Amino acid sequence: MTRLGWGSATDTGKVRQANEDAVLTTDGLFAVADGMGGHQAGEVASHLALDALAAAFDSPGTEVLVAAVEHANAAVVERSATDPGLAGMGTTLCAMALVDTGDREAIAVVNVGDSRLYLLSDGVLHQITEDHSLVATLQRQGRITAAEAAVHPQRNILTRALGIDGTVLIDSWEMVPVVGDRYLLCSDGLFNEVDESRIAAALRRIADPTEASLELIRLANEAAGRDNISCVIVDVLDDTGSGPTPMGDSRITSHSAPSDPDLGAGAMSATSGVRTASGSSGEPLAARNGMAQVPSALSSTLTWRVLLFVGSLLVLGAFVFGFVWWTGTHTYYVGVDGSQVVIYQGKPGGLLWIDPKVAETTELQLADVPAASRPAVSLGVEEPTLSAARTYVRNLLDQREQQTAPTTSTNPATSTNPATSRNPTTSIAPATSTSLG
Ligand code: MG
């Protein structure tokens with residue numbers, strides 16, 4: 001038997017004249033409503049909706065909860081139509097309830113509008129509900145960023161609300177109650193003022209749900225308090241009634257989301273699209289295991305980050321491969337194949353998987369190479385191009401001919417010596433030509 005503990009708080013904020021939010025906390029049913037409409041009509045709408053919701057939720061079932069939201073919508077529509085002073089009023093409604101699915105208990109969640117349900121599980125905050133607002137739609141379409149949405153001049157425009165039309169699209173979820181989980185229902189006056197990391201920190205820090213609610217409102221007012229602020233915190237307790245002791249993670253077992261109506265009045269007149277966990281039509285509603293599917297914004301962010309990371313690795317890998325291949329195949333050195341001096345393509349000793357190969361043979365034997373240059377040639381004298389390697393070999397040939405010439409009219413010290421004037425890469429070759437004589 002699941003036990004719940006809860007606390008709540010609501011506040012007018014620092015700018016508004018009246019509080020048009022309403023909260024509901026009964027034994028097993030919890031809700032937040034954010035009303036809209038001039039001359040306190042919003043206040044009427046939010047309270048009327050929650051009264052109707054509570055009255056219609058007469059047995060603990062998910063379908064009963066969804067039907068209760070439809071009942072609340074009808075109540076607001078009817079009142080709006082019959083009282084000219086309240087025409088055009090509407091309200092958001094976000095609610096959760098402990099229900100019996102027949103074989104187990106579950107936490108049923110319903111949402112219309114841009115009030116939110118968050119879940120703090122294992123210390124991590126997840127947004128469970130999706131906002132039905134203009135900026136949320138633009139964000140889901142990738143047309144604006146979260147940062148742009150937070151300051152968008154039309155961020156208060158809703159795409160769904162209770163009281164606008166006789167039918168209403170309702171998102172619903174079923175979640176497994178897990179001891180230690182903490183739920184937060186709140187109006188936009190909270191999350192538009194306080195970022196989610198600070199909300200999570202307060203929920204982790206303060207065990208008492210009422211005190212935590214008051215702290216969240218204090219933070220929103222400290223930021224600016226431009227809107228009404230409402231919080232309902234619900235803790236899933238163990239059998240002894242102890243407070244949250246995080247263990248395990250929560251699971252959404254079903255999610256019913258009518259196809260997104262996107263923007264405009266057409267959205268409001270769409271037929272009610274409530275589906276059960278078994279699914280009736282449209283979007284499949286097979287049981288969803290794991291939190292991975294809960295915070296859709298989080299999972300999409302992770303996906304993009306992973307793709308970006310993998311893409312960067314591929315580009316880096318391709319660059320490294322290309323660099324090694326180019327270096328291993330576009331450099332030359334003068335070395336020895338057996339006793340023959342040859343020109344190799346590649347690096348002395350090879351480079352990773354690229355072995356050097358003989359590009360050209362020469363008429364020189366290692367024994368014909370001047371003694372001063374012999375060690376360098378044995379190890380391999382690198383040259384940037386094939387032409388430079390040929391020049392180096394020609395210089396070696398010139399020196400051999402000078403050594404074998406019978407006359408000594410040429411001063412060896414002024415001759416072209418590969419070991420001194422050409423070889424830029426080896427340090428083992430003697431720096432003078434004194435051994436030539
Ligand atoms: Mg608000």
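Order of listing sets the numbers, starting from 1, for every ligand and every atom in it. For the single chain, residues carry numbers from 1 onward in sequence order. Only a predicted model underlies this, so the values are computations on that prediction, with no experimental measurement involved.
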Pairwise distance [atom1]([X]) to [atom2]([Y]) - rounded to 0.5 angstrom:
X      : Y      : atom1 : atom2 : result
Ser187 : Asp114 : OG    : CG    : 9.0 Å
Glu174 : Thr62  : CD    : OG1   : 3.5 Å
Ile233 : Leu120 : CD1   : CG    : 9.5 Å

Next item on the list: Classify the ring geometry between Tyr344 and Tyr333 as parallel (under 30°), tilted (30 to 60°) or perpendicular (over 60°).
Entry: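 Answer is parallel, since the angle falls under 30°.
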Checklist line | Phe321 ring center near Trp326 ring center (under 6.0 Å) | finding: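 Judged by ring-centre distance (under 6.0 Å), Phe321 and Trp326 do not meet the cut-off.
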Using 2.8 Å as a strict upper limit, say whether an N, O or S atom of [X] approaches the Mg ion (ligand 1) that closely.
X      : result
Asp227 : yes
Asp114 : no
Asp21  : no

Note to self: What is the name of the N/O/S atom of Asp34 that is nearest to the Mg ion (ligand 1)?
What the structure shows: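 For Asp34, the N/O/S atom sitting closest to the Mg ion (ligand 1) is OD2.
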Checklist line | Asp188, N/O/S atom nearest the Mg ion (ligand 1) | finding: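 The Asp188 atom nearest to the Mg ion (ligand 1), restricting to N, O or S, is OD1.
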